[in-house]
Protein chains: 2
Amino acid sequence: MSKPKIRNMEEFAAFSGISRPTVSKYFHDPDSVRASTKERIEMAIAQCDYRPNIFAINQNRKLTKNVGIVVPYLADPFFAEIARRIETLVIAGGFRPITLSSHGDPALEVANLASLRSIKPAGVLLAPLGRASNRTAIEEFCADVPTVNFDSNIEGVGTAFVGHNNTQATSVMLEYLIRSGEPPVFFEMKTPPNPNANKRRNAYIETMERLGHTPHIVHAEGEGWEMEEIGYRCGKQALISKQFATNTVFCSNDRLAIGFLVAAYELGLRVGLGEGCAMRVAGHDNHPFSRFTCPTLTTVSHNYALIAASGVEMILKVIESGVPDPHRKTTLFDGELIMRASA
Amino acid sequence: MSKPKIRNMEEFAAFSGISRPTVSKYFHDPDSVRASTKERIEMAIAQCDYRPNIFAINQNRKLTKNVGIVVPYLADPFFAEIARRIETLVIAGGFRPITLSSHGDPALEVANLASLRSIKPAGVLLAPLGRASNRTAIEEFCADVPTVNFDSNIEGVGTAFVGHNNTQATSVMLEYLIRSGEPPVFFEMKTPPNPNANKRRNAYIETMERLGHTPHIVHAEGEGWEMEEIGYRCGKQALISKQFATNTVFCSNDRLAIGFLVAAYELGLRVGLGEGCAMRVAGHDNHPFSRFTCPTLTTVSHNYALIAASGVEMILKVIESGVPDPHRKTTLFDGELIMRASA
DNA sequence: CTAAAATATTTACGCGTGTAAAATTAAGGC
DNA sequence: GCCTTAATTTTACACGCGTAAATATTTTAG
């Protein structure tokens, strides 16, 4: 009932009986003040729920408690999922996450970085668009703001890169597919927006050759991030015109595979590895929806948990140390084969 | 090369040859200054890319340019899609969108509102969790901050509600299903997190009775937002134990339907409306993934575009007028039947 | 060309907090 | 109980911009 309205830290300090600078220190780090002082302040907070004004706080701090998170396309559940994990970890680390999506647009990516710059983030976790990114703009940003690059590697960008071991993951899947049936044809976009795709293609070619098989690649036309649509349309064409040299298709990513499975379904091709199946399909990413395709999609999982944890750990370390690691470190986490019904 | 480093508005004003108050006025509204002045300022901006400090700006303005957007679960592509549209419109309106996800957690929803409150948003677009929401906390928030409620209606919350006409949409789909085959059984969660589900169930019962059919409802057990999983698990059980009175199933939402289709697929039940099909399945929402199910999902679409546009328009109107409309207005947009292969 | 209207400048203060330096007080060990 | 050390208070200024009032300048209308 009698909730005293506190307008600023001055009034709150008076109310709690502690001096304002000490109160300020408390809000910066509650454990930096004496235990008895901390207790008194917290009692006062309980009585009048005062919160310091964020704008005033950040105006004078050289280092804010903001951590930016930029992803290329938040409407893609893959990025939504990893952003969600990162957000949770950033909050646990005592920082304030601000997630921005570039919606697949390089101009918006640049705008997002500009927007972040204006809130002086302590650090940024950046998953760039990739091929389409404005490299210069990103480099300029990283020169000013501590940045950890994740998911999609742009050489030299940020103080570190943490991501998925595309090479290992591709060969794990390949080895499985080859020992359990025909060697797969690789199905990918002709001009993929994401640089991971190149790693995967190269790993496919190398591993196939190492295992004594001839690589076959089918390219899907189409630009942008509508990968299910591209996988469906081009997959259907390729199936109809019998472009696949074997009965097994390894899609460059799960979203292509999701569209491809629809194409196969509509053509009456039974997908799976049992009797009476016409072909096998595998994906890559363990996309949240890969559990709900028909049939469920065999794929290689990113280590979401470790990638998120490691990325957050790295950016927090850079923030605390104050100086970015002089040598850019690349950390890759191995993928895990997720065996389901499609291959 | 010679990019002068401008540290604040003072320096920028000196650089551009205009006084600081006028520059300040320009950034508040570029058209409030003389055309020639505007041009000079914009020339200077092009030369040194200065941007006013957001924290300092917002500290003194009674009305910030921030607009909060809160959705219950951003990893759900449905909300990702509508959030994306809203963001775009908010930016076009000259405001700064800040999107937060409650990740299905009522405590995080409250935390998000607290977080928004501290950045003094001019207005907020809120899609609450629904049943799980902390009603008191939300009401307190809405009393202080202009809020437009969308997607999920909580009576009395916010100055307006804009959403989907569940009643109309349900009956449109029902009429279609009935005239093209057997009357459908309604498949829904026993304790749905979202209040739209109740509207849909009631509309189903009413419309069925109006059209002279007996309503049948199958309830899926399970809590939370993992609706595909629930639709799959419970759908499979219900199919095996033959709980469906007719060959047509109308799922309460697309995510349930997506899981249900996987169950039907695994049981070897051919879904669709042609010859040789064992059953029909329909959904509700036109979820981004409903185009890529097997078979593609017949559903009722939200009017994403109008809901987003109307919600943004309303909150901007409240912001500009300064006073919230005294009588809470509810605006519903009709759904559109999306005919695909599943029904 | 002149007066009225519109716009820009000057000056000055306020916002709520960070933070540094010096002075004071409290806590802990012997 | 005294001394050392750590924590707190006092004082004072800074941050970057909003904004008001008075004044000066430019633009527009007649």
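Here is how names work: the chains are called A, B, and so on, in the same order as the sequence lines, proteins then strands, and each is numbered from 1.
Side-chain atoms of B/Glu109 and B/His103 form no donor-acceptor pair, as typed in the model, at a separation below 3.5 Å. For the 3.5 Å distance criterion, the side chains of B/Arg84 and B/Thr99 fail to qualify, holding no donor opposite an acceptor.
Put simply, CD1 on A/Ile119 is 17 Å from P on D/dG16, counting in whole angstrom units. Separating the CZ atom of B/Phe27 from the P atom of D/dT19 is a distance of 15 Å, rounded to the nearest angstrom. Distance CZ (A/Arg40) to P (D/dT9): 7 Å, rounded to an integer number of Å. Distance, B/Gln59 CD to D/dC17 P: 11 Å, rounded to whole Å. Atom C1' of nucleotide C/dC15 and atom CG of A/Asn8 are separated by 9 Å, given to the nearest angstrom. Regarding A/Asp29, its CG atom lies at a distance of 14 Å from the C1' atom of D/dA7, rounded to whole Å. For B/Ile18 and D/dC17, the CD1 to P distance is 16 Å, given to the nearest whole Å. At whole-Å resolution of the value, CG in B/Asn53 and C1' in C/dG16 are 14 Å apart.
For D/dA7, the OP1/OP2 oxygens have no side-chain nitrogen or oxygen of A/Thr37 closer than 4.0 Å. For C/dA8, the OP1/OP2 oxygens have no side-chain nitrogen or oxygen of B/Ser19 closer than 4.0 Å. Considering only side-chain N and O atoms, B/Ser24 lies under 4.0 angstrom from the phosphate OP1 or OP2 of D/dG18. Taking only side-chain nitrogens and oxygens, A/Tyr50 comes nearer than 4.0 Å to OP1 or OP2 of C/dT17.
Both B/Ala56 and A/Ser36 lie near DNA chain C, and the one whose nearest nucleotide falls closer to the 5' end is B/Ala56. Summary of the strand contacts: B/Met9 and A/Ala35 both lie near DNA chain D, and taking for each the nucleotide with the nearest heavy atom, the more 5' one is attributed to A/Ala35. Heavy-atom distances to DNA chain C give each of B/Lys25 and A/Val23 a nearest nucleotide, and the one nearer the 5′ end belongs to B/Lys25.
When heavy atoms are screened at a 4.0 angstrom cut-off, A/Tyr26 is found touching no nucleic acid atom at all. No contact: A/Phe12 has no heavy atom under 4.0 Å from any strand.
In B/Arg135, the CZ atom is crowded: over 12 heavy atoms of neighbouring residues, nucleotides or ligands sit closer than 6.0 Å.
Interface remark: the A/Arg20 side chain does not form any donor-acceptor pair with the C/dG16 base, using a distance-only criterion of under 3.5 Å.
When side chains are defined from C-beta on, A/Pro72 counts as touching A/Leu129, because their heavy atoms get closer than 4.5 Å.
Residue B/Pro21 places its side chain closer to C/dT10 than to any other of C/dT10, D/dT10, C/dA26.
The bend of the helix from C/dC1-D/dG30 to C/dC30-D/dG1, defined by the angle between the axes of its first five and last five pairs, stands at 10° to the nearest 10°.
Across A/Ile6 and A/Phe15, no two heavy atoms sit closer than the pair CD1-CB, 4.0 Å.
A/Phe12 has its ring centre no less than 6.0 Å from the ring centre of A/Tyr26. Ring pair B/Phe333/B/Tyr304: centre-to-centre distance not below 6.0 Å.
For the side chain to side chain contact (heavy atoms under 4.5 Å, CB included) with A/Ser36, the qualifying choice from A/Lys38, A/Glu39, A/Arg34, A/Arg40 is A/Arg34, the only one to do so.
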